[in-house]
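Down below is the structure, laid out as structure tokens.
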Amino acid sequence: MHTPNPLPLSFYQHHDVVYLAKTLLGKVLLTHIDGHLTGGPIIETEAYWGVEDRACHAYGGRRTKRTEVMFRKGGIAYVFLIYGLHSCFNIVTHCEGHPHAVLIRAIKPTIGIETMLQRRNKIKLDKTLTSGPGSTAQALKITTALTGIPLDRPPIWLEDRGIQVKKFEATPRIGVDYAGEDARLPWRFVAEIA
DNA sequence: CTAACGATTCGCT
DNA sequence: GCGAATCGTTAGT
């Protein structure tokens, strides 16, 4: 059995969530759930800049049962349900009281492909297996029940396996048209990896 | 309590 | 390209 080599919680406590969203590209996201190891390198992220960011769930200091975990110290999971159907997995960053987070939008499916195909009701491997936040969370079996858990150990953790990001693109974030000016910020990052 | 809607996905046209 | 699926969260009564 593979031994986890997780990034430490301190990694996520950097004050600049945009820097972290870029730096997370190429890091390997892993889950070990129901006895299955699944994961792959992160290839798409979005940064959400706390109370100042109109696109962020915690904008203006909005503190509710759902957003509460965003206010905790960085290094934990923020998982929410969207459209009553799909889970979105985020990494809470920065320190306590600063509700910043990185949304994991896509990974390259490389580890536990058979399990991920089953969870996604798919037959053939292609990039659509883990190509958006909902599908990535489903393939990894990350659900809202896991919100708030630390990310330096199973069932969810990240590793630096030295994967090279050849180049990456910065674009506006997806589906945040309600955010006015902030909808145009180039805080979505899409990587090309080796 | 009620009602509108969302950091999406998939199938059909 | 368009719209349905489907329900917890949110804000307002």
Side-chain angles (χ1 to χ4, degrees), chain A residues 12 16-25 27 29 31 38 40 42-72 74 76-94 98-109 116-149 151 156 158 168-191:
Chain A
Y12 305 102
D16 185 345
V17 69
V18 173
Y19 163 81
L20 279 172
K22 294 180 213 171
T23 306
L24 282 166
L25 297 172
K27 301 291 188 287
L29 173 62
T31 66
T38 51
I42 294 167
I43 56 174
E44 186 177 339
T45 60
E46 281 177 3
Y48 287 85
W49 194 287
V51 300
E52 304 165 52
D53 178 1
R54 290 191 65 181
C56 181
H57 288 164
Y59 171 66
R62 187 195 287 127
R63 195 165 185 150
T64 64
K65 191 165 184 186
R66 179 176 70 156
T67 64
E68 181 63 31
V69 296
M70 294 186 77
F71 289 81
R72 288 165 57 187
I76 62 176
Y78 170 46
V79 188
F80 64 91
L81 189 67
I82 189 70
Y83 296 104
L85 296 167
H86 309 290
S87 300
C88 292
F89 169 64
N90 301 252
I91 298 175
V92 175
T93 71
H94 207 317
H98 295 264
H100 296 201
V102 177
L103 172 65
I104 304 302
R105 291 193 57 89
I107 65 172
K108 180 180 178 187
M116 293 194 288
L117 284 169
Q118 272 188 2
R119 289 172 178 162
R120 295 266 298 124
N121 295 312
K122 284 180 167 282
I123 306 294
K124 277 196 62 171
L125 172 63
D126 59 36
K127 57 175 45 180
T128 68
L129 183 58
T130 53
S131 59
S135 55
T136 298
Q138 187 185 14
L140 298 176
K141 208 169 183 192
I142 298 174
T143 64
T144 56
L146 298 176
T147 201
I149 66 166
L151 298 174
I156 312 176
L158 284 82
F168 71 88
E169 184 175 32
T171 78
R173 294 168 292 181
I174 304 295
V176 297
D177 294 345
Y178 57 85
E181 299 263 300
D182 292 345
R184 302 216 289 272
L185 294 167
W187 286 355
R188 169 176 174 250
F189 303 102
V190 185

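For clarity, every value in this text was computed on a predicted model and none was experimentally measured. Naming: A, B, ... by sequence-line order, numbering from 1 per chain.
Nucleotide dA7(B) holds its P atom 18 Å from the CD1 atom of Ile142(A), rounded to whole Å. In this structure, Asp177(A) atom CG and dA7(B) atom P are separated by 10 Å, rounded to whole Å. One can place CZ of Phe89(A) at 17 Å from C1' of dT8(B), the figure rounded to the nearest angstrom. Regarding His100(A), its NE2 atom lies at a distance of 18 Å from the P atom of dA7(B), rounded to whole Å. Rounding to whole angstrom units, OH of residue Tyr48(A) and P of dG6(B) are separated by 13 Å. Rounded to whole Å, the distance from CG on Asp126(A) to C1' on dC10(B) is 13 Å. For the pair Asp53(A) CG and dA7(B) C1', the computed distance is 10 Å after rounding to whole Å.
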Subject >> Per-nucleotide protein contact string for nucleotides 5-13 of chain C (B base, S sugar-phosphate only, - none; heavy atom under 4.0 Å) >> reply: BBB-SSS--
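Contact annotation: Tyr178(A) does not reach the phosphate of dC5(B) (side-chain N/O to OP1 or OP2, under 4.0 Å). For dT9(B), the OP1/OP2 oxygens have no side-chain nitrogen or oxygen of Arg120(A) closer than 4.0 Å. For dA7(B), neither phosphate oxygen OP1 nor OP2 lies less than 4.0 angstrom from any side-chain nitrogen or oxygen of Arg188(A).
Nearer to the 5' terminus of DNA chain B, by closest-nucleotide assignment, is the contact made by Gly175(A) (compared with the other of Thr128(A) and Gly175(A)).
In this structure, CG in Leu24(A) is found 9.5 Å from OH in Tyr19(A), a value given to the nearest 0.5 Å. Put simply, CD1 on Ile174(A) and CZ on Arg188(A) are 4.0 Å apart, with the number rounded to the nearest 0.5 Å.
At least one donor-acceptor pair under 3.5 Å links the side chain of Thr147(A) to the backbone N or O of Val79(A).
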Original post:
Can Arg105(A) and Glu46(A) be said to form a salt bridge (Lys or Arg N to Asp or Glu O under 4.0 Å), step by step?
Top reply: CA-CA 7 Å; Arg105(A) 291 193 57 89; Glu46(A) 281 177 3; 3.5 Å; yes
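Enclosure of atom NZ in Lys108(A) is not indicated, since only 12 or fewer non-hydrogen atoms of other residues, nucleotides or ligands lie within 6.0 angstrom.
Atom name C1', nucleotides dC5(B) and dG3(C): the rounded distance is 15 Å, in whole Å.
The nearest pair of heavy atoms linking Ala139(A) to Thr38(A) is O-OG1, 4.2 Å.
At the heavy-atom level, Arg54(A) lies nowhere under 4.0 Å from the strands shown.
Checking dT9(B) for Watson-Crick or G-U wobble geometry (two distances, each under 3.5 Å) identifies dA4(C) as its partner.
Residues Pro109(A) and Leu125(A) are in side-chain contact: their nearest non-hydrogen atoms beyond the backbone lie under 4.5 Å apart.
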